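Input: a single structure, listed below in structure tokens.
Keep in mind it's a predicted model, so treat the numbers as computed, not measured. Every chain is numbered from 1 and lettered A, B, ... according to where its sequence line falls, protein lines coming before strand lines. No hydrogens, no waters, no symmetry mates; every other heavy atom, side chains included, goes into these values.
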Number of protein chains: 2
Amino acid sequence: MPQRVLSTELPAHVGEKVLLHGWVHRRRTLKNVSFLIVRDRAGLAQVVIPEPAHAPEETAVTVVGTVVANPVAPSGVEVVNPVVDQVGAAETPPFELFRPELRVGLATQLDTAPLAYRHPGRRKALEVAAAATRGFRSALERQGFTEIFTPKLVAAATESGANVFPVDYFGRPAYLAQSPQFYKQLMVGVFERVFEVGPVFRAEPSDTGRHLAQYTSLDAELGFVEDHRDVMAVVRDAVAGMVDAAPVPGPEVPAEIPSIHFPDALRVADASPDEPDLSPSDERALGEWARREHGSDFLFVTGYPMAKRPFYTHPDPAEPRWSNSFDLLFRGVELVTGGQRLHRYADYVAALEARGEPLDPYRSYIDAFRYGMPPHGGFALGLERFVSRLLGLSNVREATPFPRDRTRLEP
Amino acid sequence: MPQRVLSTELPAHVGEKVLLHGWVHRRRTLKNVSFLIVRDRAGLAQVVIPEPAHAPEETAVTVVGTVVANPVAPSGVEVVNPVVDQVGAAETPPFELFRPELRVGLATQLDTAPLAYRHPGRRKALEVAAAATRGFRSALERQGFTEIFTPKLVAAATESGANVFPVDYFGRPAYLAQSPQFYKQLMVGVFERVFEVGPVFRAEPSDTGRHLAQYTSLDAELGFVEDHRDVMAVVRDAVAGMVDAAPVPGPEVPAEIPSIHFPDALRVADASPDEPDLSPSDERALGEWARREHGSDFLFVTGYPMAKRPFYTHPDPAEPRWSNSFDLLFRGVELVTGGQRLHRYADYVAALEARGEPLDPYRSYIDAFRYGMPPHGGFALGLERFVSRLLGLSNVREATPFPRDRTRLEP
């Protein structure tokens, strides 16, 4: 048996007998000859057969044949005199995967995800997700970050309280973790700089194109920071690593991403100065402003009001009404949230008491701050949101093969 | 402010003023001078201060001082004339982290994990976990595998039925995924070769040193295989990648790992030929045999009885009582389970019916096999188990910072 080659490698094997693996992407039967377009993980290959092609599209095939140059074939080569072995039979698919666009609605695509994602255009989103994640990890590992693996089952519905999934944990109540926030902070004490790529769970009752009940969170946290600006510098490098790694043309990530302080952001968005947060339309306005004023697809908004940020947020020492936190907007949509955290035990006790929160559910978390936690901060980025913004997808469900939402639990 | 350097970089900065970040690992007060041993993410640095050291161990500090050569200092250098800034106060820790061994039981270590894992010996396990995971990914990416992210919330308690965690999913019953098995198989249709690193959940009521309720599963699946031996070749490379990446001396991974067929394995282990599975003591005996006969820490056992393998397992075509599956034993303990899977729709229907299983809960899974699935197979490896075997840890709980088991849900 000859060595397997990928479709994209065929031009280097003209005159040789090769083995191809893949799927019948498309059949074209002419008068005296037929073409099988075979799709493998790298691309498409044209295979010439003397008889009509009977196997339906999506049949898994193994082809042994000879590579010949043919200037009119798609990549300048084709495979002739083939022996085609149908190693995986297919029924006729319910839609045509060889069309440039899938002519079927999103709900049907998701119902038939294992099939629909074979479409090269749809598959692209998942390729980008994989590559961007690799770029994220590489950027952080270059800067001395260590990967961690933290629990997804937790004892208390802390942090944001609502929107958690209850789990029956050996007869006891438990919850699915909404983020690795507490754990990554604690691990700063061990490794200084940590990251995690993993699922997080939000029982979001909303059905928008921006929300998922499970998504992949790219998290990082680092110690010995001056303030949130040290975190923002890491965000910049992580996002640049993701954009660079993605196999699609991407935006330029400025060496220093422009930033705007929250009250100024309200002004730019023409919102009331009393607003405690930015609305989606404010964010869009800021995205346009960043493009116009700074030529940037990215914009940091810093200093969100403490009242709207979680209890572990570090205030701005100069003006404690504002926080040392930030969001990164990408083309007018929030992509990253982060900031400096409290690092003193007494500050945690005070922050929880000020919010009328009991300390007990947080005990194993805040106790760790008794033993020398440095000033630190971090951020979180939703992978599916990044991919959908980068590719201009209208729904975050197109950036994950098996999305989970209020109504969808299958496939 | 001078540039921050890591403790391990100090020898390259003799004569320079540097900035160190870290924790007071140990204090030693002599008559006229004191030493602060500062621990950072890379190692230890000796800092000489003129007065007694008051800050407790584990205080987070920032040190600016001058590097001088001192042949009797631990790494040949020390930092003198320092300005020490206590950036994170510490209470006196409940145990001494500077001892070569932590003198405290496992339960206390796990209760105080954020502190206990600062011990360099304990931290090592987590460093190995991170590095081995990187090695796993690199080995597979080099072979054309694509990373996937699959749901951890599933509609049906399939695959092994028992030992699942029920979740209240927007008022509907759901379950935590015990493995990405079905999803990784389906994604073979999209990418041919896929891997995933993620949490899996087992409601194991057992309290052994080998089981966790959540662990990190390293999964891979590939299409267009001849049989399980193609999968074993990938396992070999993935495990070699993990061992090579780990920052500890590791075993040699033979270019071809020896393998033994199941009935022969029973004979070697001196077990009854009617046994349907290998016991832990059988596995230990086989580990010793592999060491003795093949000089290998690794041994594949192939062809486990079909009756003991999951319904999606592909039988041995020559002798369908045996399966095209395998386990990889590492030093006498099962480390990897894998094999060839069924790939024809009709075979799935027949396999489920033969086991008296209803088809409905499997519908969205088996339906995907209607559309051209190639012969394929894959494997799964438990990260914590790998780390604990590699380091000779007696309990898998020492290989994850925040283990979950029947009684432990915190921190």
### Task
Answer yes or no: is there a donor N or O on one side and an acceptor on the other, between the side chain of B:Glu147 and the main chain of A:Ala129, under 3.5 Å?
no
### Message
Any side-chain to backbone donor/acceptor pair from A:Tyr371 onto B:Pro94? Under 3.5 Å, distance only.
### Response
no
Please classify the contact between [X] and chain B as side chain, backbone, both or neither, with a heavy-atom cut-off of under 4.5 Å.
{"X": "A:Leu126", "answer": "both"}
{"X": "A:Ala89", "answer": "backbone"}
{"X": "A:Val197", "answer": "side chain"}
{"X": "A:Phe201", "answer": "side chain"}
{"X": "A:Leu383", "answer": "side chain"}
{"X": "A:Arg172", "answer": "side chain"}
{"X": "A:Met373", "answer": "both"}
{"X": "A:His343", "answer": "side chain"}
{"X": "A:Arg370", "answer": "both"}
{"X": "A:Asp85", "answer": "neither"}
{"X": "A:Glu226", "answer": "neither"}

Tell me which of these, [options], has more heavy-atom pairs under 4.5 Å with chain B than the rest.
{"options": "A:Arg404, A:Arg193, A:Met187", "value": "A:Arg404"}
{"options": "A:Glu384, A:Arg39, A:Arg41", "value": "A:Arg41"}
{"options": "A:Pro199, A:Gly189, A:Ser364", "value": "A:Gly189"}
{"options": "A:Gly198, A:Pro93, A:Ala60", "value": "A:Ala60"}
{"options": "A:Pro205, A:Ala368, A:Pro375", "value": "A:Pro375"}
{"options": "A:Arg122, A:Lys152, A:Glu410", "value": "A:Lys152"}

### Query
Do B:Phe170 and A:Phe165 have ring centres separated by under 6.0 Å?
yes
### Task
Carefully, step by step, assess A:Glu127 and B:Phe191 under the rule side chain to side chain contact (heavy atoms under 4.5 Å, CB included).
CA-CA 9 Å; A:Glu127 289 169 12; B:Phe191 285 123; 3.5 Å; yes
### Query
Which answer fits B:Arg4, side chain, backbone, both or neither, if we ask what part of it has an atom under 4.5 Å from a heavy atom of chain A?
side chain
### Query
What part of B:Leu176 gets closer than 4.5 Å to chain A, counting heavy atoms only: side chain, backbone, both or neither?
side chain
Contact winner vs chain A - [options], heavy-atom pairs under 4.5 Å:
{"options": "B:Ala131, B:Gly144, B:Ala113, B:Ala42", "result": "B:Gly144"}
{"options": "B:Pro56, B:Gly372, B:Pro411", "result": "B:Gly372"}
{"options": "B:Thr146, B:Thr62, B:Thr133, B:Thr400", "result": "B:Thr133"}
{"options": "B:Gly88, B:Ala90, B:Pro151", "result": "B:Pro151"}
{"options": "B:Pro374, B:Pro166, B:Ala130", "result": "B:Pro166"}

### Query
Take atom CD in A:Glu91; do more than 12 heavy atoms of anything else shown fall under 6.0 Å from it?
yes
### Task
Check A:Glu192 against B:Asp40 and note the closest heavy-atom contact, atom names and distance.
OE2-CB, 3.3 Å
### Task
Work out which heavy atom in A:Leu409 is nearest to a heavy atom in B:Leu153; give both atom names and the distance.
CD1-O, 3.8 Å
### Query
Relative to each other, are the rings of B:Tyr183 and A:Phe402 parallel, tilted or perpendicular (30° and 60° limits)?
tilted
### Query
Should the ring pair A:Trp23 and B:Phe224 be called parallel, tilted or perpendicular, given that the plane angle runs from 0 to 90° and is split at 30 and 60?
perpendicular
### Query
Is A:Arg137 paired with B:Glu141 through a side-chain N to carboxylate O contact shorter than 4.0 Å?
no
#### Entry: From CG (B:Asp367) to CG (A:Asp111), nearest 0.5 Å
11.0 Å
